[in-house]
Amino acid sequence: MPELPEAETIRRQLSSEIMGRRITGVQVLRASTIRRHRRAEEFAGLLMGRTVQAVGRRGKAVVLGLDGTTVVVHLGMTGQLVIAPAGEPLDRHTRLYLDLDDGRRLLFIDQRTFGDVAAYPETDWRRIPDLARYGPEPLRPAFSLAYLRQTLPRRRAKIQAVLMDQHFVAGIGKIYADEISYAAGLHPDRRANTLSEAEMRRLVRAAKSVLRRAIHHGGTSAADEKYVDAYGNNGGFQLLLNAYQRTGEPCRRCGEPIARIPMNGRGAHYCPCCQR
DNA sequence: AGTTGGACCTGACTGC
DNA sequence: TGCAGTCAGGTCCAAC
């Protein structure tokens with residue numbers, strides 16, 4: 001699943017590859033990919049002829065800053081943003097692509113079609129509802145012990161559910177919720193409002209360090225993951241996972257088998273011995 | 001306002 | 001061999 005580290009890896013690569021490029025063509029191959037727009041022509045009109053001035057990220061979303069337009073790419077579960085030469089045959093799950101003025105294409109490929117691409121005639125992110133509703137970036141100072149102290153007492157939900165709530169903090173999904181809970185030594189079932197001061201501090205530190213390490217390793221391409229970076233390559237963090245998809249394998253800290261429990265319609269992986 | 005569960009979607013896998 | 005059923009999870013929506 002593309003989460004913050006995967007989106008950030010793609011952002012960095014795209015930033016060095018397509019900055020300054022002009023969009024010379026817009027092809028929408030599946031209408032539901034631009035579901036926030038009424039018509040494909042409206043979407044294309046906002047991109048056509050414009051130049052990429054910045055490549056950003058907010059939570060799990062990759063954001064293209066054009067002159068006068070902001071393009072928000074939600075990768076969903078299986079979304080990929082890949083650079084390829086214009087002549088290359090298309091993957092059958094290609095949903096949309098942009099032709100660039102250097103003869104290359106930016107392809108949006110998405111097997112399960114949960115992803116979407118939206119364009120807004122606005123360059124100020126704070127005025128794009130899509131982005132404004134997100135909680136703080138976990139790697140920014142705003143995501144702090146003080147923030148948890150202020151918000152968690154009101155949250156009765158399980159800490160894993162709160163970590164994945166994009167309004168609480170942006171960019172964390174299943175993989176990193178499992179990894180962060182593990183690193184913080186917190187049982188995924190713990191109610192958010194029962195965390196002690198020390199546990200909140202551990203949670204903030206764990207979130208930042210897990211996400212930084214995952215970015216450093218180019219994100220996670222786990223067993224049945226479709227994640228690839230902008231060059232079509234796998235990430236490397238799957239080799240360093242401690243909990244996610246390690247059911248039955250020994251905990252790297254204590255040797256106890258990693259367990260998996262139902263969690264709000266999903267599964268949570270954790271070490272019954274190290275996480276309390 | 002916060003919380004929960006269902007729906008969406010497709011390919012891989014399981015079991016009969 | 002074939003086919004129905006299950007699972008995976010990001011996000012939205014309805015209901016409490």
Side-chain angles (χ1 to χ4, degrees), chain A residues 1-8 10 29-37 57-63 72-81 90-96 108-118 128-135 137-138 147-148 150-181 188-195 211 214 219-228 235 237-238 241 243-248 258-270:
Chain A
M1 274 44 62
E3 303 177 28
L4 186 153
E6 292 74 32
E8 178 61 20
I10 292 168
L29 303 175
R30 187 182 167 110
S32 69
T33 295
I34 51 161
R35 59 179 76 96
R36 286 156 210 260
H37 297 266
R57 179 191 59 73
R58 186 74 173 91
K60 303 171 189 174
V62 177
V63 183
V72 180
V73 181
H74 294 100
L75 297 164
M77 270 191 64
T78 54
Q80 307 176 343
L81 271 178
L90 297 178
D91 180 287
R92 60 186 283 246
H93 300 111
T94 306
R95 309 304 183 192
L96 177 157
F108 180 68
I109 303 169
D110 186 17
Q111 182 193 101
R112 290 183 210 176
T113 71
F114 280 6
D116 73 81
V117 182
I128 297 175
D130 216 13
L131 300 175
R133 64 199 163 85
Y134 285 128
E137 282 292 321
Y147 176 68
L148 266 61
Q150 172 202 326
T151 51
L152 290 191
R154 284 185 265 125
R155 307 296 299 258
R156 294 178 295 107
K158 295 170 182 174
I159 190 60
Q160 277 247 324
V162 175
L163 280 174
M164 288 193 283
D165 178 355
Q166 303 302 298
H167 301 96
F168 168 69
V169 62
I172 297 171
K174 198 71 217 103
I175 300 172
Y176 298 106
D178 280 355
E179 293 303 307
I180 290 166
S181 303
D189 261 351
R190 282 287 298 281
R191 298 279 159 183
N193 60 2
T194 67
L195 265 57
L211 295 172
T220 303
S221 300
D224 62 344
E225 301 290 335
K226 294 288 172 281
Y227 167 70
V228 293
F237 197 63
Q238 62 278 5
L241 293 175
Y244 183 73
Q245 284 189 348
R246 294 195 67 242
T247 312
I258 296 296
R260 185 178 186 279
I261 49 167
M263 183 71 176
N264 294 58
R266 310 275 182 258
H269 309 79
Y270 74 107

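Here is how names work: the chains are called A, B, and so on, in the same order as the sequence lines, proteins then strands, and each is numbered from 1.
- Taking each heavy atom of A:E3 and A:G171 in turn, the nearest pair found is CB-O, 3.5 Å.
- Of the charged side-chain nitrogens involved, at least one lies within less than 4.0 Å of a carboxylate oxygen, so that A:D165 and A:R155 count as a salt-bridged pair.
- Comparing the axis of the opening five pairs of the helix from B:dG2-C:dC16 to B:dC16-C:dG2 with that of the closing five pairs yields an angle of 50°, rounded to 10°.
- Side chain of A:T78 to backbone of A:D110: no donor-acceptor contact under 3.5 angstrom is found.
- Summary of the strand contacts: A:V162 and A:R92 both lie near DNA chain B, and taking for each the nucleotide with the nearest heavy atom, the more 5' one is attributed to A:V162.
- Rounded to whole Å, atom C1' of B:dT3 lies 15 Å from atom CG of A:L152.
- Shortest non-hydrogen contact noted between A:A268 and A:D178 is CA-OD1, 3.7 Å.
- With A:E137 contributing its side chain and A:A170 its backbone, the two residues share no donor-acceptor pair below 3.5 Å.
- Sequence order on DNA chain B of the closest nucleotides to A:R154 and A:K226 puts A:R154 first from the 5' end.
- Taking 4.0 Å as the cutoff to heavy atoms of chain A, we find the contact window on DNA chain C bounded by C:dA8 to C:dC12.
- For B:dG11, the OP1/OP2 oxygens have a side-chain nitrogen or oxygen of A:H93 closer than 4.0 Å.
- Residue contacts for A:F168: at a heavy-atom cut-off of 4.0 Å it reaches no nucleic acid atom on any strand shown.
- Atom CZ of A:F114 sits about 12.5 Å away from atom OG1 of A:T33, to the nearest 0.5 Å.
- Between the CD atom of A:Q166 and the P atom of B:dT3 there is a distance of 15 Å, rounded to whole Å.
- Nearest approach of A:R95 to A:T113, heavy atoms of both residues: NH2-CG2, 3.4 Å.
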Could you list all N or O pairs between the protein and nucleotides 4-9 of chain B that sit under 3.5 Å apart?
residue	atom	partner	partner atom	Å
B:dT4	OP1	A:R191	NH1	3.3

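- Here the CD atom belonging to A:Q80 is positioned 8.0 Å from the CD1 atom belonging to A:I10, to the nearest 0.5 angstrom.
- The shortest non-hydrogen separation linking A:K60 to A:L75 is O-CD1, 4.3 Å.
- Residues A:Q160 and A:D189 have side chains that never bring a donor and an acceptor to within less than 3.5 angstrom of each other.
- The main-chain N or O of A:G219 is never found under 3.5 Å from a side-chain atom of A:E6 such that the two would form a donor-acceptor pair.
- For B:dT3, one of the phosphate oxygens OP1 or OP2 lies less than 4.0 angstrom from a side-chain nitrogen or oxygen of A:R155.
- At a threshold of 4.0 angstrom between heavy atoms, the contacts of A:R35 with the nucleic acid are absent.
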